[in-house]
Each structure stands twice: as C-alpha cells, then as structure tokens.
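Remember, predicted model here, so these are calculated numbers, not experimental data. Numbers restart at 1 for each chain; the letters A, B, ... are given by sequence-line order, proteins then strands.
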Amino acid sequence: MEFEPVDQYQQRLKKLRDIEALGYAAYPHKFDWTHTAKKLLDAFRDETAERLAADRVEVRVAGRVVALRPHGKAAFAHISGDGARLQIYVKLDVVGEAAFKLFQLLDLGDIIGVSGHLFRTKTNELTVWVEKLELLSKALLPMPEKWHGLADVEQRYRRRYVDLIVNDRAREIFTRRTQIIRELRNFFDERHYMEVETPMMHPILGGATARPFITHHNTFDMDLYLRIAPELYLKRLVVGGFDRVYEMNRNFRNEGVDAIHEREFTMLEFYQAYSDFEDLMDLTEDLFRMLAQKVCGSTTIPYGQEDSKIDLDFSRFARLSMREAINKYWPAAAGATPEVAQLAASGGPHTIAERYNAWARSHGAKPIVEPAKLSDGEVTGELFESIAESHLIQPTFIYDFPTAISPLSKKRPNDPSVTERFELFIAGMELANGFSELNDPVDQERRFRAQVEKGGQEAPKEVDVDYIRALSHGLPPTAGEGIGVDRLVMLLTNSHSIREVVLFPLLRAEMTEVAESQSGAPSTHDTKSGGTK
RNA sequence: GGGCCGCUAGCUCAAUGGUAGAGCAGCUGACUCUUAAUCAGCGGGUUGGAGGUUCGAGUCCUCCGCGGCUCACCA
C-alpha cells in the first residue's frame, strides 16, 4: 500500500533501505532510555552550563524528530517526547561516520533514540551532546506544515494521530480529559461509591427517552439495543444492597449530530441510597468546584471565543424551579409575565403557550409545536426550553421538573404535578440530570405502561417487567444522577464542539480509492477460517 | 432533513471569467552553536467529483460527495 504524497513516500522508503545498508535495523525492538524529553527538561531545568560541564550527566532519550537544522558536519535537531521538545546536537567527529550518515538520512517525523551527555548551548538551551544515535522507527509520511500544523478540522478528526503530533492544543485537551476522568473517579471512590459495570447491550429499551441503535445476537437469535442509559441496572444494584454505585461509560443514541451531541458519549451515573435530589445538588456543586479548582486552578474559568468570552463562576450555583425560570426569562415584549401560580394551575401552561406562540410567530422565534396535543407538564417543559434554557450561562440548577416528562422520578409530596428532579445548566448546555428515584413499583409500572402506550421511536416497546420486580423487592429511598462527561470536558478545556474532546469522533465514511477497491470486502457472515485473534 | 459557508501541491494559503502561484515540506549542492537556521538551484496540480454556459471556467450555473456553522429533532 502507498499513500500520498507518493514521491515523498517512495523517497523515505529509499532512505530506509539506505539506513539498513549502513547496518542499522529498520525497526529495532528496544531502546533502553533513562528519561523522557519532558522529564529530562524538568529535572535539569536549573542546572547551569558549568555544573553540566563538570558533572557530565549521561542520558538516553527517545522521541520524534520535529525539527532539523543541519550545518554540514554538525547539526541541531529537536525531538519531541512526553509532550516536550528537547534539542540534540550531532557532530560528525563525535558520533562517527556511520551514525552521521544515518543522521543525514533522517526525516522530520522519524523516531530516534540518542545517548550522550547534557550541555547548554551558547544561547543557554539544555541540549543533548549526542554520542550515539539510532533509528527506532521511520516515518514514511511527511509531517504537516511546521508553523500552522494541521488546521483542517476534518483532517484533524480523521487523522487524530497527526493532530496529536503537531497540535499542542489537541494534546492538552486529551491529557486534561484523562485528568478529569481520574478526578471524577477519585471523588466517588473517596466517598465510598463502588464502581460497577452494567450491560451495554439491553434487551429492553429504558432509562431515558432516545432512539436506539439496534444490533443482533446470532446464537440467541435476539435483537439487542445498545444502551441509551445504564439507569435501570444501577438501581437494581441498589436493590441488591450496593448502597452507593457509579458507572462511567458510553451511552449510544441514534439521533442527530451537532456541537453538543455525539452518537456515543460518556456518561457518569451514580446512585446513593437514603438520599434525595437536594443532597445531589449539594454534592454536584462540590464536585464541579473541586474539578474547576484542580483542573483549571480556579473556580472561575473562561469559556467562549474571544468576541464572546465569559467567566463561568463555579463558586456559586443558582437554583430555580422550572416555573420560576419561565417567569424569570419570559420575554418582556410577549406581554404580562406569567406567574408561577398560573403555570401550576390546570390548563395554565397551555394558555401561556398560546400567548408565547402568538409573540414568537410575529417575532421570528420558534413557536411551541402543537401545544394542544401535549399535557400541561409537557408544555411546561417546552416553555422552559424555548424561553429559559439558552439564558442559563452561569451554573444553574433547574428543579421541579413536570411529572409528565420525568417517568423515573419521585413526585413532590405536596405537588404531584412535578417531581424531585433537577438538571444542571452551564453555558446553555445541560450538564447533569438527577432526581429522587421513583421506588413505588405500582406507580412505576403505571408510568412505564403509559410510555409504551404512547409509542414512538424513543419509547420502549414493552414494560421492563424485571425492573418492576426488582422495585417490588424494595428499593430504598435513593437519589441518582447522570453527568455528561464530554460536555464537562468541553467546559473545563474551553472547547466549543464535542468533537474537540472526543478522540475519534464519528464522521461519514471517506470514499477513497483504497476503500473503493476494497468495497464489499468485509463479509457479514461468520467464518471459521482466518482473521481470528 | 433545511439554510448558509467551505473544499486549489503532502501541509498552510494566494490567484477581475484570460498563461494556476507563494511559504513550509521534498530533491541536488554549500555550511561544525543553530532554533521559523542560512545560501544557490530543481521537481511537484484531473483546482473534491460529474455535467453545463462561454472563444476561454479554480472563478458562473446544475447535480453529487465530504466538512463547518446554524435551524429542526433530541440529552
């Protein structure tokens, strides 16, 4: 196989053969190193030229060649490793003829190992005085342009490995993502939550409302859904006596794609017995503050592009009921502001939606679609999304979600039209969703049946009878929450597309010549021969 | 799915409807403290694809592909 640019690819192959002719292995098996480039730069940052000359520190470092500055019989280069760039100095009369020939056959992108001692150049840059040089792996394809790197967004996603080599920003986002995930685990581990793994393939759709991906198990001849949420399994574990559990893993939803929606996304869900949604809001505040402090070094973090940059203040979280939010953000031009009591009254949300729609139609805003077909609770949810959601920039909990749109949440004892449920909004995005879990099996079965009867592609086709059975064994009063990890990473890395924080985002297949020549190749039937690992 | 924008050398970008260019990368040569190394020379293109208009299309039109933004749906 060959890749563009073919001339440079061929040229590099030829150099590889020349290197072998010099007696070097093309792809040697091991390089015995003492430091990464980064560790070395950190460790000797304060060593003076005099000290280095006196101590003669021997090091062996490996890395990718990212800059070459040959000068006839000597040369400077930079190698990158572990996220840092280290200068090396190669001299003919030090390394010898064969190694210097090898050096002259190196290209940008090659991976090499060098041995030597440290010194400082006359511009005081810490540098390896190379005594021994070896090729560890040849790059047959050239690096992108050295000043601008790889800028094309599509190529950055399709060839993330190149993006990571040349764009420090990409590298920074993903190292930070890993740090965030580690801190999330620490937070829950320290509080004695047990990390568990529940099925990714579900026989019955549940735990959220979303269109699923469907797959098939051949031996059992059974259709399965890639999970849209782990919720119902995690609560079964609380029934089983694991009072505090969490799971951080992928959910899959077969819906549209945009800046804040990926088809597979990472969700952190946790459940705790003998708690309610108020406890969760307090815990969530602690969690977000801790993360901002540890990952960004401050509870105030910048978010947005230059022209619309804002500081997100994680030191205090607003709390509003959904009805209060509609009241607060009602557009003044749309007439008298609806009172919370009106929104709570039977038929009230419909009256208000009519008024809102009249204004929206005449002002180019999107009206609520066919409110007459919706319940009061559904209309309230629609009003909230239309009127308030985009205003929720600073961290804000919205609570008292309508029962009609919260089939798994416990109702408020003093107002059964709403539930003990909240969502956390930051920068106009939904970051978290938590509630006091409905643990009355009779009520849960009634709500499941209503979902099935209502139908639609997002609704389960059947009631999850086993889940009702589990509840019938007794689920303690429990609170549970899901946090969108990708969106959290967006916030903490000031990224504005979810694809920036996912290593390999889903893109349409790229129709290349190679793909065309192999089209139809992968067979879908089981084969006994070959290809097994 | 709709609307708008984009797609030119490996990469980053130029080019009134009138000879497709630059920088980096590449190749040849010079150069033993450079760091966007420098200096001299050279090669590199089906302008995303297919049609059309025109004496002439990278540029205008139609369709298609991929991407970005946005709206809708959804979390």
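Heavy-atom contacts from other residues, nucleotides or ligands closer than 6.0 Å to CZ of Arg51(A) number 12 or fewer. Residue-environment remark: CE (Met200(A)) exceeds the threshold of 12 foreign heavy atoms within 6.0 Å.
Between Glu269(A) and Arg227(A) there is no salt bridge, since no side-chain nitrogen of the basic residue lies less than 4.0 Å from a carboxylate oxygen of the acidic one. Using a 4.0 Å cut-off between charged side-chain N and carboxylate O, Glu285(A) and Arg319(A) make a salt bridge.
With a 3.5 Å ceiling on both atom-pair distances, the Watson-Crick or G-U wobble partner of rC63(B) is rG49(B). In this structure, rG58(B) forms no base pair with any nucleotide, since neither Watson-Crick nor G-U wobble geometry is met with both distances under 3.5 Å. Figure legend. rC24(B) is base-paired to rG10(B); pairs are counted as Watson-Crick or G-U wobble with both atom distances under 3.5 Å.
Phosphate contact (OP1/OP2 of rA75(B), side-chain N/O of Thr209(A), threshold under 4.0 Å): present. Between Lys15(A) and rC27(B) there is a side-chain polar atom (N or O) within less than 4.0 angstrom of OP1 or OP2. Residue Lys366(A) places none of its side-chain N or O atoms closer than 4.0 Å to OP1 or OP2 of rC71(B). Between Arg499(A) and rG68(B), a side-chain N or O to OP1/OP2 separation shorter than 4.0 Å is present. Dashed line: the shortest gap from a side-chain N or O of Arg12(A) to OP1 or OP2 of rA25(B) is not under 4.0 Å. A sub-4.0 Å separation between OP1 or OP2 of rC31(B) and a side-chain N or O of Lys91(A) is absent.
Looking at heavy-atom distances under 4.0 Å, Lys122(A) makes contact with a base. Among the heavy atoms of the strands lying under 4.0 Å from Gln11(A) are primed sugar atoms or P, OP1, OP2 only; no base atom is included. Within the 4.0 angstrom heavy-atom criterion, no nucleotide atom of any strand lies near Tyr9(A). Here Asn433(A) lies out of heavy-atom contact (under 4.0 Å) with every strand. Among the protein residues, Phe100(A) comes within range of no part of the nucleic acid, since none of its heavy atoms lies under 4.0 Å from any strand. Across all strands, Thr127(A) comes closer than 4.0 Å to no nucleic acid atom at all (heavy-atom distances). Among the heavy atoms of the strands, none lies under 4.0 Å from Leu141(A).
Phe425(A) pairs in a ring pair (Phe, Tyr, Trp, His ring centres under 6.0 Å) with only one of the listed residues (Phe317(A), Phe384(A), Phe397(A)), which is Phe384(A).
In terms of polar N and O atoms assigned as donor or acceptor, the side chain of Gln87(A) comes within less than 3.5 Å of the base of rU34(B) in a complementary pairing. Counting atom types as modelled, Asp258(A) pairs no side-chain N or O with a base atom of rU70(B) as donor and acceptor under 3.5 Å. For His261(A) and rC74(B), a side-chain-to-base donor-acceptor distance below 3.5 Å is present, hydrogens and geometry of angles not being considered.
Sequence order on RNA chain B of the closest nucleotides to Glu423(A) and Ala67(A) puts Ala67(A) first from the 5' end.
Here the P atom of nucleotide rU38(B) and the CG atom of Leu68(A) are 13 Å apart, to the nearest Å.
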